[in-house]
Number of protein chains: 2
Amino acid sequence: MAGVAEQRRPTLADVASRAGVSPGTASLALRGAPGPSAASAERVRAAASALGYRADRAASRLAARRTRLLGVTLTIRNTFHAELAEALQDAAEDAGYQVLLHPVTARRGEAGAVDVLLDSRCEALLLLGTEMPSSQLAALDAHDPVVLVGRRAQGLDVVRADEAAGTALAVEHLVGLGHTRLAHVSGGSSDVARERRDGFLAAARARGLDPLVVEGAFSEDAGAAAAAEVLAAGVTGVFAANDRVALGLLDAARSAAATGSSGEGPLLAVVGYDDSPLARLGHVRLTSVSQDPGALAAAAVRTAVERLDGGREDPVDVVLAPRLVVRGSTGPLPPVRSGGGATSR
Amino acid sequence: MAGVAEQRRPTLADVASRAGVSPGTASLALRGAPGPSAASAERVRAAASALGYRADRAASRLAARRTRLLGVTLTIRNTFHAELAEALQDAAEDAGYQVLLHPVTARRGEAGAVDVLLDSRCEALLLLGTEMPSSQLAALDAHDPVVLVGRRAQGLDVVRADEAAGTALAVEHLVGLGHTRLAHVSGGSSDVARERRDGFLAAARARGLDPLVVEGAFSEDAGAAAAAEVLAAGVTGVFAANDRVALGLLDAARSAAATGSSGEGPLLAVVGYDDSPLARLGHVRLTSVSQDPGALAAAAVRTAVERLDGGREDPVDVVLAPRLVVRGSTGPLPPVRSGGGATSR
DNA sequence: TCATCTAGTACTCGTCCGCGC
DNA sequence: AGCGCGGACGAGTACTAGATG
């Protein structure tokens with residue numbers, strides 16, 4: 001249905017001549033910059049809207065000699081990344097920047113995404129959950145500020161959640177509910193998984209407990225696989241390495257309870273990690289540690305802007321306190337639940 | 001850690017002079033365009049890589065008088081949109097275009113996202129699951145080609161999955177397994193929900209069945225709420241309006257089975273819709289109708305490119321056949337399952 | 001003479017800057 | 001001083017005209 005009104009897009013020159021001013025004046029007026037008188041600014045605005053003028057961002061950025069663009073790479077299917085990206089958008093806008101998102105795809109990979117961002121002259125790179133080797137990261141950072149979100153690296157700006165604190169929150173919550181037989185189903189051997197496991201052990205032992213650790217992975221299957229051992233050990237409170245593990249665990253525990261002797265429903269109080277959409281599912285209602293994407297995003301933008309506008313040189317490591325989102329999957333000991341799995345609301 | 005090598009980025013002119021050719025020749029050589037001799041092309045490439053030159057995309061687009069940019073709006077938290085976006089990236093690349101993604105955020109909304117894309121001079125707009133009024137869509141389309149993905153609108157290009165066919169696939173699958181007492185838990189009153197309900201009724205009746213329809217919504221809670229009615233009616237096979245509904249239903253049915261008389265596990269075969277990550281969860285293994293994001297993305301790009309490069313004027317309605325992804329949540333009648341819910345693998 | 005290659009210039013569209021009024 | 005103009009500029013591409021063999 002296009003076709004008809006195929007005339008050339010109006011340019012700034014068109015607006016200027018219609019308003020009877022020079023392009024320079026029109027540019028200032030449209031950006032609300034000081035200079036033009038109120039009267040000419042008004043005439044320019046009127047002309048612009050009459051013509052349906054919209055500034056060409058590519059041209060603006062070229063002429064302005066800076067782009068005010070923050071490049072963001074993310075694994076777009078990762079819902080946590082998605083939430084971060086959304087929050088970054090707002091945070092960047094507040095700082096007078098614009099976000100350029102590029103997903104990491106199977107075909108191009110992270111390096112491909114970064115290339116696009118660099119070719120678009122992003123002034124800084126915010127990498128969500130990057131898996132690039134740190135030598136490459138350092139090389140990038142030598143040219144443009146790089147901010148890592150959710151991953152650590154020597155000598156680079158990092159914004160992350162405090163894993164130990166999040167873990168402690170979970171343990172504290174379980175203990176507060178009366179659970180003393182605790183277990184952790186780990187996420188494997190990655191940095192993050194290790195931090196959570198070590199944090200769990202430290203927090204539990206600090207409370208005089210002798211907790212169980214079942215080695216696992218960041219998957220539902222790992223959680224399900226750990227269920228038998230956890231139940232056999234008489235554990236009542238579990239801290240899972242993340243929500244997926246928690247989900248598998250809950251599900252397996254529920255099934256075991258259903259087929260087993262007591263028909264009382266799940267006997268486990270389970271805390272997850274990430275506060276993913278999974279945790280919010282109506283029938284799951286998983287208590288989970290939230291990394292607060294809004295706060296992480298704001299910190300990431302702030303970190304980049306400090307480098308760009310503030311002239312900071314030394315790398316920072318911003319560690320944010322997570323918070324615990326309590327839902328139905330954790331209850332006091334002995335668990336008082338309806339047979340239906342999640343607690344009644 | 002930046003700072004040190006803060007010299008000006010090399011430009012095409014730098015590359016050209018180092019290679020001893022004119023900028024025009026260098027430009028052609030770097031793009032692999034015909035013109036330069038093999039020898040000069042090689043010299044240009046060498047100079048470029050020696051200098052670490054990367055063309056400025058903004059400048060290129062400005063000079064080229066076209067951007068070859070496809071603007072995509074999406075609800076980034078929506079995992080289906082995320083999968084589409086990823087597939088669009090690849091499809092666009094194959095067609096010689098580049099995708100510019102802009103998430104719809106709470107703050108700016110769809111109109112805001114579209115504005116950014118238009119200001120970036122995207123040549124066409126691919127809107128994923130748009131909720132814009134069709135008058136606005138028509139206005140956009142009058143200026144630049146608009147392709148709607150997953151939503152219908154008069155007079156506009158549309159790419160979507162065939163809901164009726166997907167529904168029929170689900171019914172056929174259940175009937176093929178021996179189920180004759182079928183039910184559908186609907187998704188409410190939206191267009192898509194209605195198509196799925198009507199498709200279900202038509203497909204079931206075409207097989208001489210008298211199916212049950214429980215009105216619901218696109219949520220786990222709706223699925224859980226429908227469970228009692230479905231079970232009481234003696235239904236054995238359910239087609240849920242989407243995966244979330246299916247999940248709620250499965251969970252409630254499983255709980256009912258656990259507390260109820262027979263300890264045999266879920267008695268329902270359930271088919272979902274969307275083949276979302278939810279369906280793939282290890283402990284869920286939900287049979288689901290897949291809209292095939294790869295195919296949708298390819299069709300969407302093709303549709304846009306036909307308008308841009310092929311000069312097509314009349315709107316098309318591309319309807320793609322969905323496919324059924326069979327997993328553990330559906331089994332033959334009587335269901336032979338281990339007590340653990342999902343079938344053993 | 002003709003195809004190949006190349007240089008040079010015009011151009012894209014805004015923004016920045018120096019200068020006059 | 002406040003306002004506004006004209007033109008250079010940013011980093012490329014398109015096109016034309018000319019040189020080469």
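What you see is a predicted model; the values in this text were computed from it and never measured. Chain naming here is simple, since letters A, B, ... match the order of the sequence lines and numbering starts at 1 in each.
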[X] [atom1] to [N] [atom2]: how many Å, rounded?
X       : N      : atom1 : atom2 : result
A:Leu62 : D:dA8  : CG    : C1'   : 13 Å
A:Leu51 : C:dC13 : CG    : C1'   : 15 Å
A:Leu28 : C:dT15 : CG    : C1'   : 8 Å
A:Arg61 : D:dA11 : CZ    : P     : 15 Å
A:Leu30 : C:dC16 : CG    : P     : 13 Å
A:Arg68 : C:dT15 : CZ    : C1'   : 14 Å
A:Arg9  : C:dC11 : CZ    : P     : 21 Å
A:Arg57 : D:dA11 : CZ    : C1'   : 20 Å

Mind listing the closest non-hydrogen atom pair of A:Leu69 and A:Ser120 along with its distance?
->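 Closest pair (atom of A:Leu69, atom of A:Ser120, distance): CD2-O, 3.7 Å.
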
For [N] and [X] - does any side-chain N or O of the residue sit under 4.0 Å from the phosphate oxygens OP1/OP2?
X       : N      : answer
A:Ser60 : C:dT15 : yes
B:Thr25 : C:dA7  : yes
A:Ser37 : D:dG4  : yes
A:Ser40 : D:dC3  : no
A:Arg43 : D:dG4  : no

Would you confirm whether A:Glu123, through its side chain, and A:Leu70, through its main-chain N or O, come within 3.5 Å as a donor-acceptor pair?
->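 Between the backbone of A:Leu70 and the side chain of A:Glu123 there is no qualifying donor-acceptor contact (under 3.5 Å).
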
Closest listed nucleotide, where the reference is the side chain of [X] and the choices are [options]:
X       : options                : answer
A:Thr11 : D:dC5, C:dG14, C:dC16  : C:dG14
A:Tyr53 : C:dT12, C:dG14, D:dA11 : C:dG14
A:Ala59 : D:dA11, C:dC16, C:dC13 : C:dC13
B:Pro36 : C:dC16, C:dT6, D:dG10  : C:dT6
A:Asp56 : D:dC3, D:dG12, C:dC13  : C:dC13

Quiz item: B:Arg65 side-chain donor-acceptor pair to C:dC11 base, under 3.5 Å |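 Such a pair is found, so the answer is yes.
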
Would you call A:Arg160 and A:Leu320 a side-chain contact if the rule is heavy atoms closer than 4.5 Å?
->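 A:Arg160 vs A:Leu320: side chains apart.
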
Identify, between A:Gly35 and A:Arg121, the residue whose nearest nucleotide on DNA chain D lies closer to the 5' end.
->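 Upstream on the strand: A:Gly35.
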
Output yes when A:Asp157 and A:Arg307 qualify as a salt bridge under the 4.0 Å nitrogen-oxygen rule, no when they do not.
->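 Yes, A:Asp157 and A:Arg307 are salt-bridged.
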
In terms of the nearest nucleotide of DNA chain C, which residue is placed more toward the 5' end: B:Gly20 or B:Ala63?
->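 Going by which nucleotide is closer to the 5' end, it is B:Gly20.
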
Separation between CD of A:Glu110 and OG1 of A:Thr130, rounded to the nearest 0.5 Å |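 Here the interatomic distance stands at 3.0 Å.
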
Contact class for B:Arg54 (heavy atom, under 4.0 Å): base, sugar-phosphate, or nothing?
->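 Touches sugar-phosphate only.
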
Hey, does B:Ala58 reach any base, or is it just sugar-phosphate, or nothing, if we go heavy atoms under 4.0 Å?
->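 It contacts nothing in the nucleic acid.
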
Answer yes if the side chains of A:Arg107 and B:Gln89 hold a donor-acceptor pair under 3.5 Å, and no otherwise.
->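 No pair is found: no donor N or O on one side chain lies under 3.5 Å from an acceptor on the other.
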
